[in-house]
Amino acid sequence: MDFFADLQARGLVHQATDPKLGEWLAAKPRTVYAGFDPTADSLHVGSLLGLIVLRRYQKAGHRPIAVVGGATGMIGDPSGKSAERKLLDKETLERNVDGLARQMRRFLDFDPAVTHNGQGPALVANNHDWTGGWSYLEFLRDIGKNFPVNVMLGKDSVKSRLGGDAGMSYTEFSYMLLQAYDFVYLAEEYGCELQAGGSDQWGNITAGIDLARRMHSRQVYGMTWPLLTKSDGTKMGKTESGAIWLDADRTSPYEFFQYWVNTDDADVGGCLRMLTELSHEEIASLDAARSENASARESQKRLAEELTRLVHGDAGLATAQQATEIFFGAEIDGLDDRTLGQIFADVPAGEMPKSQLAGEGLAIVDALVAAGLAKSKGDARRTVEQGGAYVNNRRVDGLDRTLTAADLASESVIVLRSGRKKYALLRMV
RNA sequence: GGUGGGUUACCGAAGCGGUCAAACGGGUCUGACUGUAAAUCAGAUGGCUAUGCCUUCGCAGGUUCGAAUCCUGCACCCACCA
């Protein structure tokens with residue numbers, strides 16, 4: 001199976017501008033680009049698919065360019081959005097662009113020593129570098145002239161907004177010109193002849209292809225991948241508490257791992273195909289195992305493993321797995337503060353003077369309140385009475401339970417838990 | 001501006017002088033079950049130095065041995081009439 005057929009088999013090709021794209025790619029190494037929005041200083045699961053697609057291209061011998069939209073981010077892409085986006089200031093954008101570029105190293109190979117079929121390493125480019133210098137008049141004359149308004153009005157991203165109540169500003173309307181020019185610039189400068197993007201980017205991609213033809217009579221290509229959505233129609237990568245980030249400081253490896261472990265049965269097959277680098281045989285055998293015995297949830301575990309390793313490395317995966325073991329019942333003992341701190345990175349903590357552990361010890365009820373697991377002593381008492389309180393993952397059997405130095409799970413920390421999975425640390429200082 | 005109705009715990013909603021920390025439903029929490037799922041079932045759901053005490057029923061006063069419940073004033077909301 002050649003590279004493009006593999007992409008198709010994985011469900012990663014939604015639309016392509018040319019039915020022969022596969023042959024074109026197989027003919028020789030190409031340069032391909034995809035854009036990323038610098039709306040935050042970290043990438044999140046929503047942009048994961050794009051990175052993975054570029055990564056696949058690189059592994060297949062092509063050269064990927066990741067374009068971070070330092071310029072377009074100032075405007076705001078209207079595609080797939082129902083309302084005008086608020087604009088980011090330049091400083092924020094620059095910081096975000098740097099943050100994104102750093103994270104991309106996990107996915108793409110930027111090492112100049114490693115060349116892929118003579119194509120060189122991956123590149124990160126900031127479109128502000130080539131767009132920032134335009135004057136308005138120059139832009140209108142050289143670029144704007146090539147865009148018939150009736151064609152622009154026909155784009156879905158524009159039509160849907162004009163049809164709704166939200167309307168659209170001239171600024172957003174102009175967005176597609178900038179992205180179209182990106183493609184033209186990259187084609188001229190880097191020989192980049194293929195743009196890939198999410199299916200909502202189709203309009204912008206074809207705008208770039210048209211512009212390349214008009215300006216330079218040059219044929220370039222585009223393809224889109226499907227948007228990653230869950231079977232219930234909601235967006236992938238979002239939880240009640242917000243987006244799942246690729247930055248370990250924003251979303252811990254454990255939380256990231258857990259997000260994928262909890263993937264619905266209906267979604268996990270597609271995720272394995274699109275997001276992991278497992279072979280079709282492996283995926284097929286996971287599919288078979290799942291329909292045989294869904295409750296083993298092998299697919300979810302494998303998905304979580306693969307993606308956590310990709311995003312957070314082997315060490316991150318190890319932490320996530322250790323944390324998983326602990327969060328799902330293993331008793332906690334004999335750990336050190338540092339390890340415990342990593343495992344419970346997301347967990348809130350309370351403090352108490354160490355002297356409380358001496359003599360009679362610290363009443364369990366007070367400990368629960370101090371750690372923030374109960375909002376009053378009465379609340380804490382109820383939790384204990386109902387059998388919902390745990391010290392280091394061991395159930396507390398009565399209100400007379402007190403905590404002493406023997407309950408320390410590490411040098412200075414006691415792990416408290418209320419219910420199935422609500423944890424808090426109590427630091428004895 | 002006039003008349004009538006309302007304002008109750010996280011939300012909705014009963015209560016109309018003592019037995020009201022306040023029915024009921026939702027939510028939330030805990031437990032059982034389970035696939036770290038969904039559904040279901042059970043219990044809990046103001047605070048405390050706790051068989052008792054304290055604070056809550058729009059706000060401020062008053063009547064009464066005793067008020068969420070009665071009276072007065074104020075604020076906000078709804079309906080009808082101007």
Side-chain angles (χ1 to χ4, degrees), chain A residues 45 229-241 244 251-272 285-308 317-332 343-348 350 352 356 359-402 415-424:
Chain A
V45 165
T229 53
K230 294 196 280 188
S231 52
D232 61 9
T234 57
K235 265 208 192 108
M236 201 84 203
K238 285 258 160 57
T239 63
E240 313 77 54
S241 46
I244 301 291
T251 299
S252 71
Y254 166 74
E255 204 186 325
F256 183 85
F257 183 83
Q258 283 299 316
Y259 177 78
W260 298 106
V261 169
N262 283 311
T263 307
D264 283 353
D265 293 347
D267 300 322
V268 72
C271 286
L272 282 169
S285 94
L286 284 168
D287 286 345
R290 192 166 61 254
S291 54
E292 188 79 13
N293 177 17
S295 63
R297 302 170 71 256
E298 253 180 86
S299 298
Q300 279 89 343
K301 285 174 193 157
R302 196 61 199 278
L303 175 68
E305 237 174 81
E306 292 297 319
L307 291 179
T308 307
L317 175 61
T319 312
Q321 283 175 324
Q322 193 178 11
T324 296
E325 216 167 281
I326 284 177
F327 278 114
F328 289 91
E331 282 184 16
I332 304 161
I343 293 172
F344 291 95
D346 309 318
V347 157
M352 279 239 126
Q356 294 278 332
E360 289 286 289
L362 174 63
I364 181 67
V365 167
D366 294 320
L368 288 170
V369 173
L373 284 180
K375 56 179 199 284
S376 69
K377 286 188 180 187
D379 191 22
R381 205 168 286 124
R382 270 192 295 278
T383 304
V384 174
E385 278 167 351
Q386 293 177 139
Y390 299 77
V391 175
N392 300 327
N393 268 348
R394 244 184 287 190
R395 183 176 275 180
V396 171
D397 45 24
L399 284 171
D400 50 355
R401 174 76 151 90
T402 56
V415 181
L416 297 172
R417 171 181 142 206
S418 152
R420 286 292 279 132
K421 35 174 102 159
K422 209 161 63 198
Y423 282 85

Work out how far the [atom1] atom of [N] is from that of [M], and round it to whole angstrom.
N     : M     : atom1 : result
B/C76 : B/A39 : C1'   : 43 Å
B/U19 : B/A23 : P     : 13 Å
B/C57 : B/G46 : P     : 15 Å
B/G73 : B/G25 : C1'   : 36 Å
B/C24 : B/U45 : P     : 12 Å
B/C71 : B/G4  : P     : 13 Å

Would you tabulate the nitrogen or oxygen pairs shorter than 3.5 Å linking the protein to nucleotides 21-25 of chain B?
none

Practice task
Begin with the C-alpha distance, continue with both residues' side-chain angles, and end with the deciding distance and a verdict on side-chain contact (heavy atoms from CB on, under 4.5 Å) for A/Asn262 and A/Arg297.
Solution key: CA-CA 9 Å; A/Asn262 283 311; A/Arg297 302 170 71 256; 4.2 Å; yes

Exercise for the section: Measure from the side-chain N and O atoms of A/Thr402 to the backbone N and O of A/Glu360, and report whether any donor-acceptor pair falls under 3.5 Å. Expected result: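 Flag set: sc A/Thr402 to bb A/Glu360 pair under 3.5 Å.
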
Handout entry: Expected output: side-chain A/Asn392 to main-chain A/Val415 donor-acceptor under 3.5 Å
Key =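 Confirmed, A/Asn392 side chain pairs with A/Val415 backbone.
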
How close or far is atom [atom2] of [N] from atom [atom1] of [X], stated in whole angstroms?
X        : N     : atom1 : atom2 : answer
A/Trp260 : B/A37 : CH2   : P     : 19 Å
A/Leu368 : B/U30 : CG    : P     : 12 Å
A/Gln321 : B/U36 : CD    : P     : 16 Å

Handout entry: hbond_proxy A/Gln386 side chain to B/G43 base (donor-acceptor, 3.5 Å cutoff)
Key =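 Answer yes: a donor N or O sits under 3.5 Å from an acceptor.
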
Show the distances under 3.5 angstrom between N or O atoms of the protein and N or O atoms of nucleotides 45-49 of chain B.
residue	atom	partner	partner atom	Å
B/G47	OP1	A/Ser376	OG	2.6
B/C48	OP1	A/Lys377	N	2.7
B/C48	OP2	A/Gly378	N	2.7
B/U49	OP1	A/Lys377	NZ	2.7

NA contact type, [X], heavy-atom cut-off 4.0 Å: base, sugar-phosphate, or nothing?
X        : answer
A/Tyr390 : sugar-phosphate
A/Asn293 : nothing
A/Glu385 : nothing
A/Ser418 : sugar-phosphate
A/Arg395 : sugar-phosphate

Exercise for the section: Could you tell me how the ring of A/Phe344 sits relative to the ring of A/Tyr423: parallel (under 30°), tilted (30 to 60°) or perpendicular (over 60°)? Expected result: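 The rings of A/Phe344 and A/Tyr423 sit tilted, inter-plane angle from 30° to 60°.
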
Problem - Charged N-O contact under 4.0 Å between A/Arg302 and A/Glu306 - result: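 Yes, this pair counts.
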
Problem - Minimum-distance nucleotide to A/Lys422 side chain [options: B/G35, B/C29, B/U36] - result: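 Nearest nucleotide to the side chain: B/C29.
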
